[in-house]
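Single-structure report; data block below.
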Amino acid sequence: MLKASSLAAGLAVAGILLSGVDAISKVTRSGRYLYTADGNRFYIKGVAYQEQGNVVADPNNPFLEPSTFIDPLANGTACQRDLPYLQQLGVNAIRAYSVNSSLNHDSCMQMFSNAGIYAIIDLSLPVNGSLDRDSPSWTTNLLDLYIETIDAFSKYDNVLAYNVGNEVVIAPNGTYAAAYVKAAARDVKAYLNSKSSSALVGYASIDGDASWLDPLANYLSCDPSGSNSGATAIDLYGLNNYQWCGDSTFEASYADVEGQFAGYNVAAYFSEFGCITSPPRLFTEVGALLSSQMSPVWSGGVAFSYFPAESAQGQFGMVTISPDGSTVTVSSDFTNLKTQYGEAAPPNTPSQGSAGSATYPACPQQNSSFIASSTLPPTPNLAACTCLENNLSCQFTPTNSNYSSYLGTLLNYGCSLIGQAGGSCNAIAGNGTTGQYGAVSGCDPTVMLSYVMSEYYLATNNNPQSCSFGGNGTVNSKAPSNAGAANTAASSCLASATGTFVPTAPTGGSGGSSGSGSQGGSGSPNSASMVLAEAKVLLGMGVLFVVGVASGMWTLA
Ligand SMILES: *[C@@H]1O[C@H](CO)[C@@H](O)[C@H](O)[C@H]1NC(C)=O
Ligand SMILES: *[C@@H]1O[C@H](CO)[C@@H](O)[C@H](O)[C@H]1NC(C)=O
Ligand SMILES: *[C@@H]1O[C@H](CO)[C@@H](O)[C@H](O)[C@H]1NC(C)=O
Ligand SMILES: *[C@@H]1O[C@H](CO)[C@@H](O)[C@H](O)[C@H]1NC(C)=O
Ligand SMILES: *[C@@H]1O[C@H](CO)[C@@H](O)[C@H](O)[C@H]1NC(C)=O
Ligand SMILES: *[C@@H]1O[C@H](CO)[C@@H](O)[C@H](O)[C@H]1NC(C)=O
Ligand SMILES: *[C@@H]1O[C@H](CO)[C@@H](O)[C@H](O)[C@H]1NC(C)=O
Ligand SMILES: *[C@@H]1O[C@H](CO)[C@@H](O)[C@H](O)[C@H]1NC(C)=O
Ligand SMILES: *[C@@H]1O[C@H](CO)[C@@H](O)[C@H](O)[C@H]1NC(C)=O
């Protein structure tokens with residue numbers, strides 16, 4: 001404690017431990033349990049640690065998802081202010097929902113590490129920085145965003161896990177989006193492995209009916225290849241569980257979920273808990289969660305939330321911060337959680353030696369309540385998408401850095417024009433139910449839009465007016481000018497973009513159009529040329545794109 005507070009905010013140097021401070025232990029997964037380096041079972045005693053961003057109340061935003069975020073790990077003064085309270089709570093982990101990879105996190109991360117506090121980092125950002133539950137895609141810009149965040153945090157020894165999504169799937173008819181979550185987990189896992197990182201790959205699920213929740217959990221940890229490989233499996237399943245309200249009991253609130261996950265194959269925890277419908281919160285659920293009643297299945301949980309957080313149900317939060325940001329006032333929720341965490345003594349069993357290694361079962365069958373295919377989207381391929389964009393005859397040239405707010409409108413408009421011209425937007429679309437992914441569906445939405453604009457431009461015999469799109473498009477004089485040559489170049493660019501491969505960090509900044517870090521794919525020869533050629537003959541309906549409206553990154557509780 002003294003050592004942490006003597007650390008001047010902003011001066012902590014990552015990787016250099018102050019003498020006398022024991023390094024935080026590495027946590028690894030054996031089978032379905034977590035262990036510290038000394039072989040003790042590790043239970044997450046966590047708290048959500050992120051101030052809520054701006055929430056625009058809108059019929060299109062029924063779950064009050066924020067449109068901005070405040071990075072909770074970038075302000076050493078604020079972390080220093082909060083550290084004594086986190087220590088009073090007795091937490092060993094915080095969960096952060098969105099961080100900014102271009103900011104410096106040394107002070108907060110070092111201070112928390114010295115205090116024995118791990119970080120569970122969600123990789124998503126609000127609006128267009130997450131897997132969209134209504135129109136999911138797994139694209140170069142998202143992969144690069146995730147990689148940049150991992151790169152920014154990989155130097156810290158206390159990152160426990162990276163979550164690839166939070167509540168992306170929220171209903172049976174949206175379970176097809178799980179194919180994109182699983183693809184993200186696969187690529188993030190491969191990237192972490194390539195960096196020799198032991199951080200776990202996680203997902204945090206909304207609670208729901210067992211008919212789709214169980215297959216979703218099993219799907220995220222299954223092996224589609226049937227060879228017991230964990231390459232596409234998450235390590236850490238999080239359930240945002242608010243079943244225990246007031247002074248409930250294990251039988252009344254948790255017996256069901258304990259039974260549901262009894263045979264689960266990877267580590268699981270409650271990525272959020274803390275029902276607010278019967279205030280004040282007593283947090284007596286901690287006594288069940290962190291006990292031998294639930295330790296066979298669960299490895300602890302994260303109480304929601306340290307900071308105030310508004311939801312449709314009411315106010316979460318255990319402290320209030322003074323308007324000048326200087327002081328913390330705790331509520332009875334805080335004191336109750338502190339008491340419960342203080343008393344928790346989950347068993348140190350099974351031993352790591354008897355935990356076994358994880359098995360990765362076959363994936364659940366699709367049925368009417370679970371509709372995700374076990375054919376996953378390919379690894380987003382930046383080199384292929386950049387090559388494509390350079391060869392497109394009409395390019396999206398945004399005049400406004402805020403273009404994500406109208407990109408979806410332009411895509412829909414472009415696709416409706418292509419539809420009227422007798423083509424389709426299948427190349428930019430993917431379908432997580434059929435497991436079919438268009439050749440351009442892994443590219444940045446800006447490249448998708450350039451592709452759509454180009455298809456329309458070519459379909460109208462290179463009429464310059466057709467590339468205008470209200471001033472959003474520019475003719476690319478370097479591109480092949482006839483449709484045949486353009487399609488040949490495009491299919492050649494995309495030929496390698498169907499397989500999976502180990503992603504690499506983008507070079508020279510973020511964004512879908514810069515850098516060339518991604519390597520060629522290892523996939524089978526693909527049908528890009530067919531897809532592109534067919535765009536002219538298929539009578540397809542315009543695919544409706546909504547970019548960044550319903551993003552799976554904030555709790556919907
Ligand atoms: C990250 O921080 C930088 C520097 O303050 C800022 O320019 C950028 O907009 C931030 N990124 C996001 C996604 O908020
Ligand atoms: C999915 O089901 C919900 C109700 O659970 C409904 O509100 C929504 O419109 C459905 N979405 C689609 C695309 O059918
Ligand atoms: C779909 O399969 C899951 C098991 O994967 C099962 O729990 C669920 O009940 C099934 N749904 C229907 C409608 O049969
Ligand atoms: C950091 O947090 C402190 C305490 O809330 C606040 O006074 C300060 O303005 C913050 N700094 C930045 C750069 O946001
Ligand atoms: C255009 O496509 C061709 C064929 O794939 C490729 O060799 C070339 O590098 C591309 N042009 C640019 C500028 O990327
Ligand atoms: C971006 O666009 C949105 C929606 O049109 C608007 O609310 C927001 O103020 C814009 N932001 C900037 C920085 O222009
Ligand atoms: C989100 O859109 C903005 C423009 O509105 C862009 O600058 C940013 O790179 C996009 N983020 C991602 C992850 O695609
Ligand atoms: C995916 O394909 C199925 C079967 O053709 C179709 O019913 C469904 O609407 C498609 N889903 C999307 C998101 O396009
Ligand atoms: C670009 O498209 C948007 C959305 O349709 C439109 O509002 C805007 O006026 C267009 N032109 C420019 C120069 O941004």
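Both ligands and their constituent atoms are indexed starting at 1 by order of listing.
- Nearest protein heavy-atom contact of atom 8 (C) of ligand 4 is Asn75 ND2, 3.7 Å.
- Each of the atoms 4 (C), 5 (O) of ligand 7 lies under 4.0 Å from some heavy atom of Ser401.
- Under a 4.0 Å criterion applied to the non-hydrogen atoms of Arg81, ligand 4 contributes the atoms 4 (C), 5 (O).
- Side-chain atoms of Asp157 and Ser113 form a donor-acceptor pair, as typed in the model, at a separation below 3.5 Å.
- Cys443 places none of its side-chain heavy atoms less than 4.5 Å from the side chain of Pro380.
- Listed by number with element, the atoms of ligand 7 under 4.0 angstrom from any heavy atom of Asn402 are 5 (O).
- Annotation for Phe307: atom CZ counts as buried by contact number, over 12 foreign heavy atoms lying within 6.0 Å.
- Closest to atom 14 (O) of ligand 7 by heavy atom, among Leu143, Leu407, Leu142, Asn141, is Asn141.
- Close approach of ligand 7 to Asn128 (heavy-atom distance below 4.0 Å) involves ligand atoms 1 (C), 2 (O), 3 (C), 8 (C), 10 (C), 11 (N), 12 (C), 13 (C), 14 (O).
- Under 4.0 angstrom from ligand 1, the non-hydrogen atoms of Leu125 all belong to its side chain.
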Under the side-chain hydrogen bond (donor to acceptor under 3.5 Å, both in side chains) rule, what do Arg81 and Asn75 come out as? Steps first, then yes or no, please. CA-CA 10 Å; Arg81 173 199 67 204; Asn75 183 336; over 6 Å; no
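- In this structure, the side chains of Lys155 and Asp106 come closer than 4.5 Å at one or more pairs of heavy atoms.
- Short contacts between ligand 1 and Asn100, defined as distances under 4.0 Å to a heavy atom of the residue, involve ligand atoms 1 (C), 2 (O), 3 (C), 8 (C), 10 (C), 11 (N), 12 (C), 14 (O).
- Panel note: side chain Ser326, backbone Ser322; no donor-acceptor pair is recorded below 3.5 Å.
- With hydrogens left out, the protein atom closest to atom 7 (O) of ligand 4 is Asp324 O, 3.9 Å, a heavy atom.
- Atoms of ligand 7 found under 4.0 Å from any heavy atom of Ser404, numbered from 1 in the order shown, are 2 (O), 4 (C), 5 (O).
- Interface atoms of ligand 1 facing Ser102, defined by a heavy-atom separation under 4.0 Å, are 1 (C), 2 (O), 3 (C).
- When distances from atom 11 (N) of ligand 4 to the protein are checked, a heavy atom turns up under 4.0 Å.
- Under the 4.5 Å side-chain criterion, counting only non-hydrogen atoms from C-beta, Arg186 is in contact with Thr379.
- For the atom pair OH (Tyr457) and CG (Asn476), the distance works out to 9.5 Å, reported to the nearest 0.5 Å.
- Among the atoms of Ser326, none of the N or O lies under 3.5 angstrom from an N or O of ligand 4.
- Remark: side-chain polar atoms of Asp235 are paired, donor with acceptor, to backbone N or O of Val201 under 3.5 angstrom.
- The single protein non-hydrogen atom nearest to atom 5 (O) of ligand 1 is Leu103 CD2, 3.8 Å, given as residue, atom name and distance.
- Ring to ring, His105 and Phe153 are close: their centroids are under 6.0 angstrom apart.
- Nearest to atom 4 (C) of ligand 4 among the protein's heavy atoms is Gly325 O, 3.3 Å.
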